Amino acid sequence: MKTFLSIGEVMVELSQAGGGDQWRLGFAGDTLNTAWYARACLPEDWQVEYLTRLGNDPFSPRILQFLQDSRIGTRHIAQDASRAVGLYAIELQDGERSFAYWRGQSAARLLADDPALLDRAFEGADMVYLSGITLAILSDAGREALISRLITARRAGRRTAFDPNLRPRLWESADAMRHWLTRAAKGAEFLLPSFEDEAEWFDDASLSACAERWRAAGAAEVVVKNGGGPIGLLDASGYRAFPVEHVTPVDTTGAGDSFNGGYLAARLGGATAESALHRAHEIASRVVASPGALVAVSKG
Ligand code: ADP
């Protein structure tokens with residue numbers, strides 16, 4: 001059995017259900033979404049594990065149950081006696097979604113605080129995946145604890161992947177964000193950025209400039225996601241771009257996360273980068289055309 005390990009934060013999501021004070025409860029998080037799609041797409045000789053820290057609150061057991069129901073392993077999930085899981089609410093105002101967050105003191109902020117737990121999880125993993133959001137919520141020591149293990153895992157021949165998933169508001173400064181994301185690229189075989197945000201925060205003039213920057217930072221294979229635009233791919237064979245058919249979006253939540261899960265599952269299953277990219281886009285374009293982040297996919 002091989003293991004795909006995804007590391008990050010799951011939050012409670014409240015979304016307005018009808019009018020007034022009715023709210024629907026869900027669970028969400030970028031690395032959770034990617035784990036979910038990896039589980040849907042990977043062959044059955046792969047186990048998917050999620051590493052996070054949950055809290056001492058009524059929702060944490062329900063998150064564990066949700067993961068188990070989704071066939072995602074929970075053995076690397078710690079429980080914090082004095083904290084609770086983070087929460088956010090989505091409200092629809094004049095057709096626009098607005099978000100409010102309560103995550104500053106979430107249990108997941110301490111997910112990298114137990115070195116023995118991290119060592120066990122990394123040692124048992126054939127693929128390790130994390131994102132810029134995972135790093136953003138941690139202390140500097142936590143960031144370094146994850147990145148140094150990612151670098152070691154990659155040097156030891158394990159597969160590793162990173163999505164910078166830029167969220168400037170989660171970081172103490174734009175410079176800190178750029179510094180830590182660039183450092184994480186040293187540990188990433190696969191680097192899966194999204195062009196719109198990268199162009200804004202790293203000043204990339206083109207998809208290929210974005211891909212080249214991440215290669216220079218240490219990644220081996222860069223796939224630049226790009227909304228409904230052409231997708232960039234840079235690996236040992238050089239740079240090429242793949243045009244895609246634009247879909248009118250219904251709900252773009254989870255598009256990039258589903259792309260990552262589909263791409264990595266295909267690559268781990270032996271697909272070429274080109275065919276993994278097409279499979280990933282096929283999944284992501286279906287996610288864009290459906291409400292919600294988690295949309296059923298058939299094994300490819
Ligand atoms: P993120 O969700 O990280 O912001 P993007 O918006 O770049 O990522 O979208 C990720 C991927 O989802 C794209 O590379 C593409 O494959 C697919 N996608 C997103 N929006 C569309 C669209 N309007 N039409 C077709 N595919 C899309």
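What you see below is based on every heavy atom in this structure, not just the backbone, and it leaves out hydrogens, waters and symmetry mates. Fair warning: this is a prediction, and the values are worked out from it, not measured in the lab. Whatever order the structure lists them in is the order used to number ligands and atoms, beginning at 1.
- D175 pairs by the salt bridge (Lys or Arg N to Asp or Glu O under 4.0 Å) definition with R178, not counting sequence neighbours.
- A salt bridge is defined here as a Lys NZ or Arg NE, NH1 or NH2 lying under 4.0 Å from an Asp or Glu carboxylate O, and E9 with R167 fails to meet this definition.
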Dump all N/O pairs between ligand 1 and the protein below 3.5 Å as a table: atom names plus distance, one pair per row.
| unit_1 | atom_1 | unit_2 | atom_2 | d |
| --- | --- | --- | --- | --- |
| ligand 1 | 2 (O) | G256 | N | 2.9 |
| ligand 1 | 3 (O) | S194 | OG | 2.8 |
| ligand 1 | 7 (O) | N226 | N | 3.3 |
| ligand 1 | 7 (O) | G227 | N | 2.8 |
| ligand 1 | 8 (O) | S194 | OG | 3.2 |
| ligand 1 | 14 (O) | N226 | N | 3.1 |
| ligand 1 | 16 (O) | H281 | ND1 | 2.6 |
| ligand 1 | 18 (N) | G227 | O | 3.1 |
| ligand 1 | 23 (N) | H246 | NE2 | 3.4 |
| ligand 1 | 23 (N) | V247 | O | 2.8 |
| ligand 1 | 24 (N) | V247 | N | 2.8 |

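- Heavy atoms of other residues, nucleotides or ligands lying less than 6.0 angstrom from CD of E282 number more than 12.
- At a threshold of 4.0 Å, the pair D113-R53 does not count as salt-bridged, since none of the basic side-chain nitrogens sits closer than that to a carboxylate oxygen.
- For S206, the side chain to side chain donor-acceptor pair (under 3.5 Å) test picks out S208, with sequence neighbours left out.
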Would you be so kind as to tabulate the donor-acceptor pairs closer than 3.5 Å made by side chains of residues 19-26, with sequence neighbours excluded?
none

